[in-house]
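So that the names make sense, note that chain A is the first sequence line, chain B the second, and so on, each numbered from 1. What you see is a predicted model, and the numbers here were worked out from it, not measured in a lab.
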Amino acid sequence: MMGAILQLDGVTVRYGRGASAVTAVAGVDLELPPGQIVGLVGESGCGKSTLARAICGLQPLAGGRITLAGEPIPPLGHRRRPARLLRIQMVFQNPYASLNPRRRVGDQIEDGRRVATRPVGSVSDLLTEVEMDASAADRFPHEFSGGQRQRIAIARAMAAAPDILIGDEPIASLDASLQSRIASLMRDVALRNDASLLFISHDLAVVREIADTILVMHTGHIVERGPAERVWAAPQDPYTRRLLAAIPIADGLGRIPG
Amino acid sequence: MSHSSSSQHAEPAVADALPGSARSTRTSWFARPVVRYIGIRGLVSAVLLLGVTIVTFILTNLVPVSPITAALGEQAASDPATVAKFVHDAGLDKPAIVQYFVYLGKLLHGDLGTSIQTRNPVTQDLGQAFPATAELALCVILISIILGLGLGLIAAVRKDRFSDQLIRMVSLIGISVPTFWLAAAIYFLFFFVLRWAPGSGRLSPAATPPPRVTGMYTVDSLLSGQFTTFLDAVTHLALPTLTLTLFTVGMLVRFSRTAILDVLNQDYVRAARAKGLATNRVLFGYVVRGSIAPILTIVGLAFGSLLSGTVLTEQVFAWGGLGQYAYRASTALDLPSVMGVGLLVGAIYIITNFIIDVVYGFVDPRVRIG
Amino acid sequence: MTGLVISDLRLRIGQADILNGVSLGILGGEITGLAGESGSGKTMTGLVLCGLQPAGAVVTGRVEFTDSDRSIPNLLALQPREFNRLRGRRIAMVAQDPVASLHPMLTIGTQLTDHVRHHLRLSKQQATARAVELLERVQVPTPETALRRYPHQFSGGQLQRIAIAIAIACEPAVLIADEPTTALDVTVQAGILRLLRELRDDLGLAIILISHDLGVMSAIADTIAVMRYGTVIEQGSRQQVIQQPQTEYARELIAALPQVPPPGITTDAGGQPHPDAQPHPDAQPHPGVQPHPGNHPHSTRTGA
Amino acid sequence: MTAPATLIRRPRIAPVWRRPLAIVGILFVSFWFITMIIVPFLPLADPLAQDFTPLSPPSGTHPFGTDILGRDVLSRTLFGSRATLPFAILLVIISLILGSLVGAIAGYFGGVIDEIIMRIADLVFAFPTIVLAMVVAAALGPGITNAVIALALISWPNYARVIRSLVLSARNQEYVVAGRLLGAGPLSSLRRDILPNVASPMLVLAMLDLGSQILLLSGLSFLGLGAVPPAAEWGSMVGDGVQQFSNWWLAAFPGLAILTVVVGFNFIGDTLRDSLDPRSANAVTQVNA
């Protein structure tokens with residue numbers, strides 16, 4: 001089933017008004033074709049989380065357009081989110097805040113299934129798909145570790161059978177060994193369910209392992225874009241080079257990167 | 001009477017704000033962040049003051065006993081002609097907005113109407129009564145701050161140990177005591193039974209008040225060197241101060257304990273300890289310095305509840321201040337006086353909180369330098 | 001030789017066992033890496049060495065501290081007042097989040113000199129002079145004006161440098177750095193790591209580097225101890241632990257990280273590309289990253 | 001090696017409820033609640049009957065003595081619980097519902113509504129409480145109903161401000177945003193995600209506020225603006241008793257009644273906050289060293 005294409009043209013977002021206004025996102029173009037995994041990399045404060053929130057309609061635009069399958073995405077007001085936009089779902093950074101502490105895991109995944117536009121597996125199917133035991137459905141979030149909670153959050157997002165899954169720094173709060181496992185889990189789950197994935201992170205090394213194309217963002221602009229291997233091996237932009245050089249390498253040779 | 005601190009707007013977390021850069025150029029004084037901060041706080045306080053007048057205006061007109069019968073008396077009120085003339089003269093036929101501005105105009109000229117009880121203009125009564133309450137309130141707030149913050153600090157530092165439990169229990173009892181009953185109990189015990197303190201009033205009946213400078217007997221007697229009067233005034237201050245201090249300290253201890261506990265958990269306190277500084281330096285140099293903002297807010301709140309307390313206790317000590325005036329006014333349903341006290345006490349409270357905001361502006365470098 | 005010897009360190013809070021017998025040697029002039037994930041007890045170990053473990057924690061075991069002029073058999077047996085004299089003077093700490101560990105209402109000058117004057121009995125002028133010298137040492141620009149400024153007027157990287165200056169102000173023997181680069185932007189981390197290595201060489205400091213990131217360990221740690229569930233499960237030189245990890249857990253940790261840097265990226269080891277990096281077909285020749293200007297010729301101590 | 005410490009099952013009665021503070025609090029409050037319910041069935045004199053020798057000090061027949069009109073102070077004090085407690089509880093419920101509704105709307109929808117509501121609340125906070133209560137009650141005229149209306153008018157802003165800040169911070173929580181992205185409307189988002197996580201702090205506020213409302217109600221009666229004679233109400237009884245010091249028992253016993261019930265509520269409120277406060281010592285959760 002053909003997914004929908006997400007298109008960003010000259011997207012601009014500003015915080016605050018008048019003299020104190022801060023331009024978090026300055027004219028970003030981005031394309032997320034169906035079935036593609038796009039990595040968006042940048043340091044804190046570069047505007048990547050703001051961009052993610054703008055795509056979900058959580059952040060009003062100061063300029064530019066975001067369209068899903070050609071139709072513009074309005075900001076999410078106080079009313080219920082329009083059905084066609086339910087095809088964009090998000091996984092958040094902090095696993096300890098992305099699940100309602102007072103509701104069972106199964107009920108929260110059911111929230112997603114209720115709005116699914118395409119046939120989707122049962123709660124236990126979804127849990128198994130994110131490598132969790134089906135019995136987790138009857139338990140409460142505080143009984144799980146950070147990694148497990150993030151898997152549950154992925155299951156909840158996929159329960160809505162989205163065409164587009166956005167990961168807003170989904171691995172930043174996890175332990176190093178878990179980070180690449182959860183990142184590749186998101187990639188596999190998205191591909192298996194015909195969803196495209198926009199994976200946002202400050203960790204270029206992990207993004208490189210899962211993304212087809214990589215965009216590097218700095219102070220609100222996209223400074224580099226290209227196939228993952230090319231950006232990794234032959235960065236054009238000096239900032240990308242600095243980012244790459246700063247990655248600590250576990251080779252035991254006692255050399256400080258950068 | 002417990003209030004949480006004044007509301008701070010939760011600005012949208014600017015997660016992606018660009019990192020701040022060090023600012024070097026000297027800016028002219030009016031553009032300095034602290035002046036802008038005080039300006040805004042000043043504006044808010046002015047609007048609040050206006051709001052207070054609106055509240056009292058609405059309440060005066062809400063009176064079930066219509067002002068007409070009150071002014072003309074039952075019999076005359078039945079004659080439509082006199083009523084129409086009175087309504088016209090008093091401008092009661094004009095729209096509410098106009099009546100309000102007339103009311104505001106009178107306020108600005110210090111005309112708060114006439115007290116039904118004393119037949120004097122309310123402003124004159126308030127002017128007469130204000131210094132007595134001011135003297136008592138200042139005395140109480142000074143003692144309460146020292147005691148309250150001191151005990152709050154001890155309770156926070158020795159969290160869950162015996163002294164903390166004791167301080168918390170006593171302060172909880174402190175805020176649970178009905179102040180109007182406490183005043184009577186203290187007066188009965190220390191004057192009536194034990195004779196440790198002199199009777200009611202601000203001076204012994206025989207003593208003559210010192211030449212009026214501030215209207216506060218303790219200050220005026222010191223200024224004019226009359227030490228016997230000073231001593232007399234201080235001993236008379238003892239019981240009302242004790243009454244109000246118990247309640248105010250109870251409140252200050254509870255709030256400051258929580259505020260200091262929060263600061264004690266901050267990283268910069270642990271960092272200070274990691275530097276091997278002496279405990280006192282860590283406590284007063286870092287912990288107290290770090291909790292100044294919430295403590296200033298707490299002092300503002302405590303001052304507010306202290307003003308409330310005077311209304312319920314001055315009568316017992318025949319203190320002759322705003323509190324007693326308010327007590328007599330409310331028991332006799334003397335509305336102009338009640339409104340007058342409401343306005344004045346409201347204004348005092350707003351101005352005090354404004355002063356506290358200004359002090360905070362200078363204390364916190366993030367506001368002063370921005 | 002200055003340093004610490006930790007033997008069978010245990011710590012319990014309520015019913016929870018946080019440290020279950022940590023044994024570790026820390027030598028002067030060396031960076032000892034303490035690696036482990038959250039809940040492994042690495043941070044608590046650092047806190048115990050500073051005597052800053054939470055109140056009510058039951059601590060057993062021995063920590064022997066030797067310095068150029070004295071030797072203390074067991075820090076844990078010291079009275080609070082005695083330990084306090086060592087804190088900041090002989091054993092110093094740098095916390096993870098520089099923004100949170102500097103008092104927002106005190107100037108950098110005050111926070112840089114108050115403990116120096118307390119420990120070394122210096123006058124205000126002497127302490128201020130020393131403060132300027134320290135800020136220069138940690139490459140903070142315009143030190144004189146910086147002393148009068150407040151923390152909110154500096155960037156994260158500069159604040160961490162100031163925090164390090166505060167820590168080394170009394171020339172301690174041991175510096176405990178708890179995740180010193182985690183809260184900083186990637187591009188700023190390298191500078192802090194380089195500064196720590198310089199301090200090890202110039203001051204002969206015994207540095208305990210606590211971090212979950214084995215990449216950081218691989219960059220500057222001389223020896224690495226991997227912790228899990230409150231004990232040290234593997235210990236050895238940097239090459240040994242990273243290149244031939246003994247335990248399954250250590251292997252798993254290392255496998256999760258990139259072993260090979262991006263091709264064409266040089267490190268501060270003389271500017272030549274990494275030996276086993278394959279250049280990408282359409283990589284244009286571009287000037288390698290010049291070694292950091294302030295860098296000393298590679299000291300012979302650690303065979304590169 | 002033991003696994004990392006996980007959640008320790010909470011003991012049956014949390015230790016915080018076994019502290020002396022809590023026990024005393026529960027004792028006082030239950031005493032007055034039981035009194036409030038059973039007092040009409042107790043073998044007591046009619047609180048309004050003036051058929052005893054006036055101003056007789058406490059004695060065997062009249063343990064609390066009699067007042068100036070010859071009424072039995074003991075029965076009036078016990079009956080006083082019926083004049084204060086129900087109204088205080090009513091007041092807290094009204095303020096809690098009104099305040100929560102207004103506060104949740106202000107916090108959730110923000111913008112102009114939030115500004116207006118918060119400015120009104122600031123206006124009410126601009127007055128010291130009893131002074132505003134006095135002004136409003138005087139305007140409405142004395143009587144317990146007017147006093148309750150006056151107090152309700154000035155109490156809801158406290159709840160509104162607390163719940164507004166709780167809702168504001170809850171609204172930005174990721175699980176609430178996730179719920180909205182999954183198509184939850186404002187009502188279900190408030191009902192399912194926000195309010196359940198905001199309920200416990202409000203419960204603590206209500207319990208602590210009960211004590212304050214009793215003090216305010218009896219304070220107004222003391223000022224002659226609450227219960228009007230001949231009602232048996234603690235505040236007005238103290239008000240009468242304060243006039244003559246020699247008959248100490250007139251003011252002593254109703255005052256003690258107020259003190260004990262308010263202390264009771266405050267002790268319970270304080271314990272409640274400790275048991276819900278994550279930082280408190282005994283709520284051992286996953287220890288992250």
Taking non-hydrogen atoms and a cut-off under 4.5 angstrom, which of residues 85-98 of chain D neighbour chain A?
none
Donor-acceptor contact present, side-chain A:Glu143 to main-chain A:Phe140, <3.5 Å:
yes
Using a 4.5 Å heavy-atom cutoff, which residues in residues 173-192 of chain D come close to chain A?
D:Gln173, D:Glu174, D:Tyr175, D:Val177, D:Ala178, D:Arg180, D:Leu181, D:Leu182, D:Gly183, D:Ala184, D:Gly185, D:Pro186, D:Arg192
Would you say the side-chain atoms of D:Trp156 pair up with the backbone N or O of D:Leu153, donor to acceptor, closer than 3.5 Å?
yes
Does the D:Asn146 side chain pair with the main chain of D:Leu140, one donor and one acceptor, at a distance under 3.5 Å?
yes
Do you see a donor-acceptor pair shorter than 3.5 Å between the side chains of A:Ser201 and A:Asp203?
no
Are the side chain of D:Thr84 and the backbone of D:Ser81 linked by a donor-acceptor contact shorter than 3.5 Å?
no
Sub-4.5 Å side-chain heavy-atom contact between A:Phe144 and A:Arg151
no
Measure from the side-chain N and O atoms of A:Asn193 to the backbone N and O of A:Val189, and report whether any donor-acceptor pair falls under 3.5 Å.
yes
Would you confirm whether D:Asp274, through its side chain, and D:Thr271, through its main-chain N or O, come within 3.5 Å as a donor-acceptor pair?
no
Examine distances only and state if a side-chain atom of D:Arg82 and a backbone atom of D:Met36 form a donor-acceptor pair shorter than 3.5 Å.
yes
Donor-acceptor contact below 3.5 Å, side chain A:Lys48 vs main chain A:Asp168
no
Test: D:Asp114 and D:Arg164 ion pair at under 4.0 Å
yes
For residues 100-108 of chain D, give me every residue with a non-hydrogen atom less than 4.5 Å from any non-hydrogen atom of chain A.
D:Tyr108
Considering only NZ, NE, NH1 and NH2 on the basic side and carboxylate oxygens on the acidic side, decide whether A:Asp163 and A:Arg118 come within less than 4.0 Å.
yes
If only atom types and distance count, is the side chain of A:Gln7 paired as donor or acceptor with the main-chain N or O of A:Pro33 below 3.5 Å?
no
Looking only at the side chains, is there a donor atom on one of A:Ser173 and A:Asn94 sitting less than 3.5 Å from an acceptor on the other?
no
Residues A:Leu165 and A:Val91: closest non-hydrogen pair is CD1-CG2, 4.0 Å
N/O donor-acceptor pair under 3.5 Å between A:Arg156 side chain and A:Gly112 backbone
no
Listed by number, the residues in residues 99-110 of chain A that come under 4.5 Å of chain D (heavy atom to heavy atom) are A:Leu99, A:Asn100, A:Pro101, A:Arg102, A:Arg103
